[in-house]
Every structure is written in structure tokens, then in C-alpha cells.
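Worksheet for the structure shown next.
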Amino acid sequence: MTDAATSVGEYTSDEMMTVTAARCLRDGQVCFVGIGLPSEAANLARLSHAPNVVLVYESGTIGTRPDVLPLSIGDGELAETADLVVGVPEIFAYWLQAGRIDVGFLSAAQIDRYGNLNSTVIGPYEQPDVRLPGAGGAPEIAANAGQVIVMLRQTPRSFVAEIDFITSLGFGRDGRGRIGARGAGPTLVITDMGVLKPDPVSHELTLVAVHPGVEVEAVRRATGWELLVADVIEVGEAPTPDELAVLRDLVERTRQAHSG
Amino acid sequence: MTDAATSVGEYTSDEMMTVTAARCLRDGQVCFVGIGLPSEAANLARLSHAPNVVLVYESGTIGTRPDVLPLSIGDGELAETADLVVGVPEIFAYWLQAGRIDVGFLSAAQIDRYGNLNSTVIGPYEQPDVRLPGAGGAPEIAANAGQVIVMLRQTPRSFVAEIDFITSLGFGRDGRGRIGARGAGPTLVITDMGVLKPDPVSHELTLVAVHPGVEVEAVRRATGWELLVADVIEVGEAPTPDELAVLRDLVERTRQAHSG
Amino acid sequence: MAEIASLGDAIGDLVPDGATVAMEGFTHLIPFAAGHEMIRQGKKDLTLARMTPDVIYDQMIGMGCARKLVFSWGGNPGVGSLHRFRDAVENGYPHPLEIEEHSHAGMASRYAAGASGLPFGVLRGYAGTDLVEHTRVAAISCPFTGEDLVAVPSLNPDVTVIHAQQADRRGNVGMWGITGVQREAVLAATTSIVTVEEVVDELSANGPNHVVLPSWTVTAVAPVPGGSHPSYSMGFSTRDNAFYTRWDGISRDRESFARWMTEFVMGTPDHASYLARIAEEHD
Amino acid sequence: MAEIASLGDAIGDLVPDGATVAMEGFTHLIPFAAGHEMIRQGKKDLTLARMTPDVIYDQMIGMGCARKLVFSWGGNPGVGSLHRFRDAVENGYPHPLEIEEHSHAGMASRYAAGASGLPFGVLRGYAGTDLVEHTRVAAISCPFTGEDLVAVPSLNPDVTVIHAQQADRRGNVGMWGITGVQREAVLAATTSIVTVEEVVDELSANGPNHVVLPSWTVTAVAPVPGGSHPSYSMGFSTRDNAFYTRWDGISRDRESFARWMTEFVMGTPDHASYLARIAEEHD
């Protein structure tokens, strides 16, 4: 719903965000995908430059090729178009935990400077101001996927100095690292304003790219801490007409399929 | 091959042994079955007084209804006639270990007075006189089945005072019990001469029944230790014509199916 | 052997107040009819276990059936919040709700351990998260490598309730498509109730991932066509996505929720009447 | 993505001397052709893992391919002893064979742990047996209940080899019927080779328990019709029970074993020729 508001030229900032994420996927990679923007990005990649990307959903559908985006993680089309469907205990044990996932997508309500994610509560756990849905598959995706791509709209309320609850491990509250986790953690944070990467040494998220027409200053203002900015800031490439055509086609097909 | 030798009247001692074991199964019980005499007994029960007995083989076939006896634990007919077929890790974890098996059948090369079974080696483990096949599913059947029925031809070489190796736990070398095992253990030992049960207190196997025409003295001579004998010894009921007809029919069908 | 029973009798006979009840179904095959029947029968003090509480537990929590919730993701899939769940946790309405939350992997491991007759499951998870201080996990180290891992306690419900596509006349249950943790939840439970779309002579695999539960692992089978609405049963119905979207508005305030429950659940004698009411409304 | 290769190339390229090799198949779908090819290529110092060594490992042990055997039941199913296995253990012929033996449940748990990326598995087993002193197990206690259980180390073969009914042209593998621990053995391995009866456009479930291994979990697929003889492939062949019975005589003494191996395996360039030789003999 923020699309109209943040529209930049002839594409929206959410479209830019989705396209940017899709471009990060290489053909043949195995991706653990959630519902929403990650699902949109992964399927855009599959329908454009990465036809052999393998999409895995926590509902147990492996190698699925939905024609429209699922509204829920368990939509029938995910099963009908999958290479195989397995039970939920197996998807987490044999597939995610075993290290078979190259890229895991995550979103959250809050992220801190070390890429830790909160999808559990706003405020104190015992007496929350807002009770969020909770962990789902996120903690083990964060721990066991080869790398994690975070997709999150950038606002001072979502990019916070002090995270209320660590649902999924980034590099820890002190940024020291990832004891007990095997994956590389959040290597990319893609927002509606630009792209952040953890500093190789300090692990602190650093702005490395902005989307076309976005000022670094605006990104700073949208961040709840003193944002680190790379010496050289890239400007992301706007969505190509082809990318936009495939994405909008997918979204429209989806809208029609799920309406009524 | 011992059949002819031990033939008693118009049925063999192996037939008596099989019929005796079959009679111990109640309709609807879930039985974990191995190849050979146990498979013969369990299928005889299914084809006679216990049509709803559930046969489970360690190959992952559950509720199977073979028309002929399997030669191997993985014969195709076991899968074709099963209610469901599962993988081997699952058959042991979800089905046997979980305590879903009422009766497990076991055999062995050696048994001792406390119902411990050896199917691993004759002689020292490191330098065995005879290397036997080994454990297979037996240790966990002995540990986790509700009760265990042992079927074994009775000779001084199989009923030994000192067992060379405990592959499957009965009541332990000292007869003290079954630490770490949840099932009741060997509640019945059915041989070609009679039936033994563990003493409720000492757990020592006690002769409680002989087959028709078998002298208690002969059973003593076939036992490698000073055999306990119940005050009152029952004499087993000879196979009925119906039982023999069904059993011989099954064996003949099996012979024809597996010949050539 | 499973007994073929009416849903009303099965819930009445097998689900005591205060029981730990797992009603599983991962978006697909959610046993809504059974949940509605528990609401109609006024079940209370239940400990409700479910990976994704979904609208089914939002309704049961809002109607005061639950004393405690054991879960791993409490949202309205593809829509947003579960408002009755939030109202219970944030404001203790209709009464305080104790919660025990896990990750999906943790819940799945708990059910699998329960189905395996083990007291705990082991996984690579929870590490570095604040969940560790707020849920039931323990550190465990590998006796061979010394590596540190996490143990979760097995989950063995008193009663597990699921919805499946088929049962045969002997009570064997067949389902396909996305089957989630239902098999483990049934095998881990003391008692199990399965509502089914149809009773057939022979089970038939009409989709991928055919799962069979033998009759002797199930306590009662109740034929309830459409028993998963607004969830779906692959091969029989499609997910009522519009309803899930409408639920956001219905459940947002206490009065409209109460009105809806009175009209569609308390005001209908059984699931067939509920489905008829839903259909009318669509016209 | 799995590469479709010839059996000779797959074994030559992917199975180094000294590797830990698991060749699974629980009576059904035993990859005999691959075993014969390893014998032809003179593979040696292998650590051979398999729940049931069966005739396939009896042949490889007798031909001197194995340094160590990891197993849980070493008999000739329905017939009796594996004489080459016994000769190696009892008399160190053709050379001493190190053995590590488990129960079936232990081996299955080891493969499942390996497939799950865990360093160990937990089970209720081995308790009170002499296996405990002669194999790799460890005591582990439940951090919640204190109950004592047994841990087994995960088994992650360097190479797993299996035989399946089908692969599609992208290298996805499909099998059905009794599938044993093959899925876990492949998922636990660093490298995997799958011989198949046929390569098809679309995988099709032609029996119960359809199991699919995605192309990207398999290293190489080699079409080898009849590749499981004398074991069988449900839907393609039946078990050659007569051969298993004959094997008792063939393998009982060293000379007749050597003669048979020379004639049927070393003397045949590939599996098609082996099958032709077997067929001739039957006439």
C-alpha cells in the first residue's frame, strides 16, 4: 500500500526492491522462500534470468513453479507444480538444516545495525505493545541457509538502534558473530531505498547502493541509528522494461487468480 | 531340513512349532515379523483365526497380506499387498521404537536361561569360530516390542549355559532385568519340543508345556543348563486338520512361487 | 481400529476440558469443522498446540476455549494479524492466555520426537535468539564431536485432530498434497480424530505426497465434507482466500467477532449448516 | 544438476580408492551393476557401508575391494551365510577385513542424522547388548526428563550409490516400492551415483511409496537396465531367488567363487554382457 506514495518515475519503489532482489539470484541456486516480496522476487528471477532457480517453501514444496504468486505458504499450486512435496519435519531437517539451501529470504518488523531480526514482539515480551506473528521458519533459515537476503522497507521504526527481540540471528547484539549458526548470515539487506551489506570486520550494516533518485541523506533519516555509508555509493540500475513487464504480468495474474 | 527327522505322527515338529506360535497371536494385534518360521506362524494366524492381525516387516511394509511367504524381507509382494510402505528409518523410529508393535518375533543361534539371544558370533568376538549374520532389527525388537515371542529349535548347541554374545536383550546375563528397554521382553519361547516362559520372579526360562509325544526328559537333554520345569506341565494340542491344511497350502504355494 | 463416528460424538467423547489438543494442517487441510464443534460444545481450559494458529485458533481463543497456546507462527497467512490472538496476549481478553512459542523447526522436531517415542528432539536452531530465554529448549552436546546443539522436548498431545481427503470403510486414512506435520501429530498423540471429505472402498492417491495412516493408529474418523473451510482440501475444494481477507475485518473488534461467531457457528447446528450460511452470504 | 553419464565413467570419475562408499537398497533395488563395475575397475581399500551386505558386498569383499565393512545384518537373505564375508572375518581371506557393526535401527538413525546435517542420532536401542562394547555408540540423557538413551554417530559417505527405476532427462530420480534408506544415504553423502532402469520425459509413480530425489541432490545418473540383478526393480524385474540360492554353492569355496567372478564379472565388459551371460547359463 506504500507503493503509490513512494512511486518513483514509472515504477514503484517496491518494484525496484523486488527487481533488485531478483537480480541477486543466480540460475540453479536453491532458495528458501517466504510469502510476500521474497516470493515475488524469487519467482521474478525464475521467470526471467534464472529459469532453473529451485524454489523451496516451508510447506514442504520443493522445486515448485507456480504460475501465480501464492497468497499463503500452503497454496495448492505450490504442491501441484513441485518436483516433490515432503512433510514439514523433513523440510526443516533433511533440506534446510542439512545445508542444502543456498539463499534464504527473510523479512521482519525490526532490524538492527548487525542484521538481527525481530518478528516476535514490539515492546517487552511479557507485556508487548504489539504482538507480532512470531518466528515461523525464520530462526533456522537465518542459522542454516548459505546466505540470507533480507527484504524490508526502510523506516526509523523498522531500522532500530535497539531491537526489542532477536527472533532471527544476524551477527548478534554486540555484532561479534554467529556462534552456533553455520550459514554466512545476512549478506544483503535490500530496502525500498537501497542496499546494505555487513562490514567484513565489524559486521555493521553499511549502505553500499541507493536506488535511482534516492538521496543518501534520505536513507540516513530513515535509519534509527547513525548509518554507516560506503566511501563509494553505487546507484542501482532501474528496472528494465522486460523486468517490469514480467513482474507486472505476474502480479496481475496473481491479483486475478486470488480475487473473489 | 530337520522336519523329516523330527516328524511326529502325521505332522512335523516344525509344523507343531509354527501352529503353536500362530495360536499365540490375537486378532488385531500388530506383529513385527522376520523371515522364516515367524513369518510362517504370523501368516498362518492371519489366514486362520486372526484375519485382522497387522503384519509389519522391517523393510517398511505395514499391514501386508502376502499370498505366499516372502523368501526375503524385501520381496515385492510385501510392498504390493501392504496398507502402506515407509522408509527404513521411519519403520524403526515411528513404528517400532514408538511402541506401536504388540508382538515381536525373534529367533537366534543361541539363547540362555534368561532369554538373552545371540545372532552375532560363536566364539570370541574378535576371533570368532563362526561369524553369524549379526543383529539386524533384533536388538530394538527385543527392546521396544510390547512382548517378544522367541521361536527356536531346541538343542544343547542352541540352548546354552553361557551365551557367547548378547545381540538381543532378554533379562540380562544375571537375569536381573531389562534396564533401558520398554517392552516386556521374551514372554514365550516356542521350540520344536515345547513352550518355555520366564519365571515371574527370577526371570529364568521354565518349561510349561511339551508338544504331544515329547518327554520332559528329552527336553532336559536338549537344554544346555539345568532346565526349570513347571509343577504342572501342559501338553500342547496337536495341529487341527484345518490348521495343517492352511499351513501346508501356504507352504506349497510358497514353494511353487519361489521355485526356478 | 478407528471407529467411524459423527463429529459431534467424536468431539464429545474424546476431547475433555483441559486437554492438550493439537489441530494440525499447514494452511492446507485445517480441521475447521472440528474446531467449530469444540466451540459449539463449549470446550474450555484447552492447551491448544498448532504450528500456525491460523483463523481456527483465533476463533477458539476468541470464544474462550484456550488456557494456553503452543505455536510457532501466529499470523493470518497472506493477510496480517490474528486479532483475537493479539487481544488475548496484549489485553488478556476474553481471559489471559499463556503462550509457549517455538520456531517451526522446533515444533516439527517436537512432534517428530513424540511420534518416535523419544523424549526430545535435536536440531540446529534457536542459537543466538531471544527465544531461548522464553521457551522450552536445552543445550545438548554431541557425545562424539562435542558440538553444541539444541534439544526440544517431545510434544505428545492428548488429542490430535486433523482433516484428510479420504478414509476407507476400515478406517484407514489417506491424504495428499501438503501434509505438514499431521502424520507426526497423530502418531505422537494418545487419541486422534480425523475428519474426512469422503469415505471410499479403496484409498486412492489423487495428488503428490500420498500419506496413509492405518486404521489402528486413529481413534475416530468422522465424515465431514467441506470440513476444512475456509482452508481447503486438495482435490475437493480451493482455499477461500476472500474469507481469510474478510476475517481481518470481522475479527478486528470484539463485537463484530462475537456477532459472526453467534451467527455462523453457535447459530448453526453442524458444519453442513455452517457451509450453507457461508454460501448464502456470498449471494 | 545431475549429469547423465555411463556407469564406467561415473564409477571411474567419482569413486576413488580408499573412499567410504555406501551402496544401499534393502533387498529391493540393490545396485549390483555398480558393484560389478567397481570390481572390474579394481577399486580397493574401500570402506563399504551397507545395512545388509548381501551378495553384492560378498562379491566385493571376496575380490579384495574392501578394507572395512560397516553393516548391521550380514546374511544371504532366505538362504544362509555370506561365505566370502565369513572367510574374510574368520580367516582374513583374501585379506583382513575390519568390521564395524550396528543394529538396523542404529544404521538407519546414522544415515538419517547424516541426511539431517546433525552429528549424531538418538534412539532406544543397544541397551543391554554386547554390541555396546564392540561398536560406536555413546550414552546420552534427555535434558528434560533425565532418561538415558543411546546416541549413534551420523554416517556421511563420501559416495553413495543406489539403483532406481527412473530418472527424467533433467536428472531427477524416481523410485517406488521398498526404498529402504536410499534417500537418506544419498542426502547424507558428498557424492552420489544413481543407476536407473530407464530415462523418461516425466517421472511417474508406478507403485506405492513414490520417492523423488531432485536432480540437484544427485551427482551422476547412469542408465543401466537390469542393473539390480539378482536383486530386483519393482515394475521391471523380479528377484532372482534361484541365483541367491545358487550363490551359496558358488561362494562356499574360494576357487569356485574366483571362477564365477572371472567368468561373469571380470570376463564381461559391462552389465549388458553380464546379463547375457546369466541368461545363457539358464538355458
Side-chain angles (χ1 to χ4, degrees), chain B residues 35-36 58-61 70-76 78-80 82 84-93 96-97 116 118-121 125-140 142-144 164-172 178-182 258-260, chain D residues 25-29 51-52 71-82 85-86 89-90 101-109 111-112 115 123-131 133-134 148-150 176-184 207-209 211 231-232 234 238-239 241-242 244:
Chain B
I35 293 304
E58 66 192 12
S59 49
T61 55
L71 178 67
S72 85
I73 197 86
D75 278 15
L78 292 177
E80 287 154 6
L84 71 159
V85 180
V86 301
V88 164
E90 181 181 325
I91 199 73
F92 285 105
L96 176 59
Q97 178 174 269
N116 302 298
N118 174 17
S119 53
T120 302
V121 287
Y125 184 81
E126 304 302 345
Q127 207 42 256
D129 306 323
V130 180
R131 172 65 225 201
L132 303 164
E140 285 72 28
N144 298 313
D164 290 341
F165 191 96
I166 297 184
T167 310
S168 306
L169 178 65
F171 296 98
R178 301 176 36 81
I179 299 93
R182 294 203 298 179
H258 291 161
S259 63
Chain D
F26 203 84
T27 307
H28 180 217
L29 293 173
M51 291 178 67
T52 60
F71 74 107
S72 43
W73 190 81
N76 180 343
V79 179
S81 288
L82 293 175
F85 158 66
R86 283 186 56 182
V89 173
E90 295 170 9
E101 72 183 297
H102 285 269
S103 66
H104 277 351
M107 282 290 279
S109 178
Y111 279 121
L123 69 155
R124 297 183 181 281
Y126 294 86
T129 76
D130 292 337
L131 283 165
E133 299 133 45
H134 295 284
D148 292 321
L149 298 147
V150 169
W176 58 84
I178 291 165
T179 57
V181 291
Q182 286 99 298
R183 203 165 54 125
E184 286 75 15
N209 184 36
V211 167
S231 168
Y232 73 106
M234 189 184 225
T238 56
R239 191 167 185 269
N241 291 323
Y244 273 92

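- The most heavy-atom pairs under 4.5 Å with chain B, out of Asp148(D), Thr179(D), Val211(D), Val181(D), come from Val181(D).
- Looking at Glu80(B), both its backbone and its side chain come within 4.5 Å of chain D, counting heavy atoms on both sides.
- Here the side chains of Phe26(D) and Ile73(B) are in contact, with some heavy-atom distance below 4.5 Å.
- Counting heavy-atom pairs closer than 4.5 Å to chain D, the top residue among Ala135(B), Gly134(B), Gly136(B) is Gly136(B).
- Glu184(D) touches chain B through its side chain: at least one heavy atom from C-beta onward sits under 4.5 Å away, while N, CA, C and O do not.
- In this structure, the portion of Thr120(B) lying under 4.5 Å from any heavy atom of chain D is its side chain and not its backbone.
- Proximity to chain D involves both the backbone and the side chain of Val130(B), based on heavy atoms less than 4.5 angstrom apart.
- Interface summary for chain B: among Ala105(D), Gly75(D), Ala108(D), Gly128(D), the most heavy-atom pairs under 4.5 angstrom belong to Ala105(D).
- Within the 4.5 angstrom heavy-atom criterion, atoms from both the backbone and the side chain of Asp75(B) approach chain D.
- In this structure, the portion of Met51(D) lying under 4.5 Å from any heavy atom of chain B is its side chain and not its backbone.
- In terms of modelled atom types and a separation under 3.5 Å, the side chain of Tyr232(D) and the main chain of Gly76(B) share a donor-acceptor contact.
- For the residue pair Leu131(D) and Pro139(B), the shortest heavy atom distance occurs at CD1-CG, 4.0 Å.
- Put simply, the side chain of His104(D) reaches to within 4.5 Å of the side chain of Glu58(B), judged on heavy atoms.
- Neither the backbone nor the side chain of Tyr111(D) comes within contact range of chain B; no heavy atoms are under 4.5 Å apart.
- For a residue to count as touching a neighbouring chain, one of its non-hydrogen atoms must lie under 4.5 Å from one of that chain's; by this rule Tyr125(B) touches chain D with the side chain only.
- Between Thr167(B) atom OG1 and Tyr126(D) atom OH the span is 12.0 Å, to the nearest 0.5 Å.
- Proximity of Ser168(B) to Thr129(D): side-chain heavy atoms (C-beta onward) are nowhere separated by under 4.5 Å.
- Chain B forms the most heavy-atom pairs under 4.5 Å with one residue out of His134(D), His102(D), Met234(D), His28(D), and that residue is His134(D).
- Heavy atoms of Tyr244(D) lying under 4.5 Å from chain B are absent altogether.
- For a residue to count as touching a neighbouring chain, one of its non-hydrogen atoms must lie under 4.5 Å from one of that chain's; by this rule Ser59(B) touches chain D with backbone and side chain alike.
- Ranked by heavy-atom pairs under 4.5 Å with chain D, the first of Leu169(B), Val85(B), Leu78(B) is Val85(B).
- Of all heavy-atom pairs between Pro89(B) and Ala112(D), the closest is CB-CB, 4.4 Å.
- The salt bridge (Lys or Arg N to Asp or Glu O under 4.0 Å) check on Asp130(D) picks up Arg173(B), with sequence neighbours excluded.
- Using a 4.5 Å cut-off between heavy atoms, Arg239(D) touches chain B through its side chain atoms alone.
- When side chains are defined from C-beta on, Arg124(D) counts as touching Arg182(B), because their heavy atoms get closer than 4.5 Å.
- A 4.5 Å side-chain heavy-atom check between Pro77(D) and Leu71(B) finds every atom pair outside the cut-off.
- For a residue to count as touching a neighbouring chain, one of its non-hydrogen atoms must lie under 4.5 Å from one of that chain's; by this rule Ser103(D) touches chain B with backbone and side chain alike.
- With contacts defined as side-chain heavy-atom distances shorter than 4.5 Å, the pair Gln127(B)/Glu90(D) does not qualify.
- Arg131(B) pairs by the salt bridge (Lys or Arg N to Asp or Glu O under 4.0 Å) definition with Glu101(D), not counting sequence neighbours.
- Between chain D and the options Ala79(B), Ala181(B), Gly87(B), Ser72(B), the largest number of non-hydrogen pairs under 4.5 Å is found for Ser72(B).
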Checklist entry - What do the steps show when you test Phe92(B) against Leu123(D) for side chain to side chain contact (heavy atoms under 4.5 Å, CB included), and what is the final call? => result CA-CA 9 Å; Phe92(B) 285 105; Leu123(D) 69 155; over 6 Å; no
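- Chain B forms the most heavy-atom pairs under 4.5 Å with one residue out of Gln182(D), Arg86(D), Arg183(D), and that residue is Arg86(D).
- In terms of heavy-atom pairs under 4.5 Å with chain D, the best-connected choice from Gly137(B), Ala143(B), Gly180(B) is Gly137(B).
- Options Val121(B), Asn144(B), Ile35(B) differ in how many heavy-atom pairs under 4.5 Å they form with chain D, and the most are formed by Asn144(B).
- With contacts defined as side-chain heavy-atom distances shorter than 4.5 Å, the pair Asn209(D)/Leu84(B) does not qualify.
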